**Q** 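Below you'll find the structure I mean.
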Amino acid sequence: MDILLQPRQPFSFTSVMYSHGWIRLAPFREDDDGASLHTLAVLRSGRVADLHVSDAAGDVRVTTSAALDDAEIEEVTETVRWMLGLDQDLAAFYARCQHEPKLANAEREAKGRMLRSPTFFEDIVKTILTTNTSWSGTIRMVDALVGEYGEPLDESGERRAFPTPASLSRANEPDLRNVAKLGYRAPYVLEFAQRTESGDLDPEVFKHSDLATLELRKRILEIKGVGGYAAASLLMLLGRYDYLPVDSWARKMVSQEWYDGQPVGEPEIQAAFESWDEWKGLAYWFWEWDDTP
DNA sequence: GGTAGACCTGGACGC
DNA sequence: GCGTCCAGGTCTACC
């Protein structure tokens, strides 16, 4: 069945889809034509829904292989609106971009929304798995988690959603460490899943939290395995751009852009985007670096 | 509050 | 083919 959704304009489906590397992490999958994506979501009923999400002449079409009841349609609608940030208002950011040549195309190309997973739980686990490893390592670890612990779409088990907190909390640490190859991150992921499953922590409330960004960051940093870089990345997924996800790539880009290739530290990177205030994360992420493909 | 070392893996490199 | 080194963030212990 089809569900048609209207985004706040300006909107570009492919700008969201390729806003960062998430599209390459299971269970996300892009179609061969690069114009639509697939993922699977575990609904509140426990049922697994396969979502094929595509552009529909400026709107968004969600296609599921199975019929959904009214409550499920509402849940899928809410989920996809969140994943693509369809309700985000970036007008103030675009107004700032008009005065910056390196972001002059941001509004025309509708840059600014970042692809999110169906749940913030999934985004937090994936973000922990981006730390202290190569991108290929992250892809391998996420593949392994989905393959080993993900909720199957059907009896074949060929397609699986991202593991639920319940499923991951039942995993044992040696398997996460050695089979899923999470290494030293295994206890972090396990503890986070167990805290979520027990109700000690509800990552989904972060999605629409009224907390000030500083306080929200403090809460996120309480999750073991999440440090400054990961917290800034997660805040950006929540639509809070006050902090920069400073990693080795950021150091390299800022060094090349403003410091003639000389090594730079976090203070220099922060200083480079200080004037962007609450938009600094977005300005940094969508900046047209000299070696941007 | 700041810093050093450990954590784990894959890739690059030299032999 | 094997061994060594290094990059990639976060945590913990220590000063």
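Throughout, a chain's letter reflects where its sequence line sits, starting with A, and its residues are numbered from 1. Only a predicted model underlies this, so the values are computations on that prediction, with no experimental measurement involved.
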**Q** Please enumerate all residues that pass salt bridge (charged side-chain N to carboxylate O under 4.0 Å, His left out) together with Arg219(A), with sequence neighbours excluded.
**A** Glu215(A)

**Q** Once side chain to side chain donor-acceptor pair (under 3.5 Å) is applied, do any residues pair with Ser275(A), and if so which ones, sequence neighbours excluded?
**A** none

**Q** By side-chain contact (heavy atoms from CB on, under 4.5 Å), which residues pair with Asp210(A), not counting sequence neighbours?
**A** none

**Q** Take Gly137(A) and Asn132(A), find for each the nucleotide of DNA chain B with the closest heavy atom, and name the residue whose nucleotide sits nearer the 5' end.
**A** Asn132(A)

**Q** Applying the side-chain contact (heavy atoms from CB on, under 4.5 Å) test to Phe28(A), which of Val53(A), Leu37(A), Leu40(A) qualifies?
**A** Leu37(A)

**Q** Excluding sequence neighbours, so at least two apart, what forms salt bridge (charged side-chain N to carboxylate O under 4.0 Å, His left out) with Arg177(A)?
**A** Glu173(A)

**Q** Can you find a side chain N or O atom of Ser134(A) that sits less than 4.0 Å from OP1 or OP2 on dG8(C)?
**A** no

**Q** Return each pair, listed once, that meets side chain to side chain donor-acceptor pair (under 3.5 Å) where at least one residue sits in residues 147-157 of chain A; pairs must be two or more places apart or across chains.
**A** Glu151(A)-Thr164(A), Asp154(A)-Ser156(A)

**Q** Determine which pairs satisfy side chain to side chain donor-acceptor pair (under 3.5 Å) with at least one residue from residues 223-236 of chain A, sequence neighbours left out, and list them in order.
**A** none

**Q** Among pairs that include at least one residue of residues 86-103 of chain A, which meet salt bridge (Lys or Arg N to Asp or Glu O under 4.0 Å), considering only residues two or more places apart or in two chains?
**A** Arg8(A)-Asp89(A), Arg81(A)-Asp87(A), Arg96(A)-Asp277(A), Lys102(A)-Glu257(A), Lys102(A)-Asp290(A)

**Q** Just jot down the side chain to side chain donor-acceptor pair (under 3.5 Å) partners of Asn132(A), sequence neighbours excluded, or say none.
**A** Tyr184(A)

**Q** Find every protein N or O atom lying less than 3.5 Å from an N or O atom of nucleotides 10-12 of chain C, and list the pairs.
**A**
residue: dT10(C); atom: OP1; partner: Gly227(A); partner atom: N; Å: 3.0
residue: dT10(C); atom: OP1; partner: Gly227(A); partner atom: O; Å: 3.4
residue: dT10(C); atom: OP1; partner: Ala230(A); partner atom: N; Å: 2.8
residue: dT10(C); atom: OP2; partner: Gly228(A); partner atom: N; Å: 3.4
residue: dT10(C); atom: OP2; partner: Tyr229(A); partner atom: N; Å: 3.1
residue: dC11(C); atom: OP1; partner: Gly225(A); partner atom: N; Å: 2.6
residue: dC11(C); atom: OP1; partner: Val226(A); partner atom: N; Å: 3.4
residue: dT12(C); atom: OP1; partner: Lys224(A); partner atom: NZ; Å: 3.2

**Q** Using the side chain to side chain donor-acceptor pair (under 3.5 Å) rule, collect all pairs that involve residues 42-53 of chain A, keeping only residues at least two apart or in two chains.
**A** Asp31(A)-His52(A), Ser36(A)-His52(A), Arg47(A)-Glu72(A), Asp50(A)-Ser65(A)

**Q** Roughly what angle, to 10°, lies between the helix axis at the start of the helix from dG1(B)-dC15(C) to dC15(B)-dG1(C) and the one at its end, five pairs per end?
**A** 40°

**Q** How many whole angstroms separate atom NZ of Lys252(A) from atom P of dG9(C)?
**A** 13 Å

**Q** Going 5' to 3' along DNA chain B, which are the first and last nucleotides with any atom under 4.0 Å from a heavy atom of chain A?
**A** dC7(B) to dG10(B)

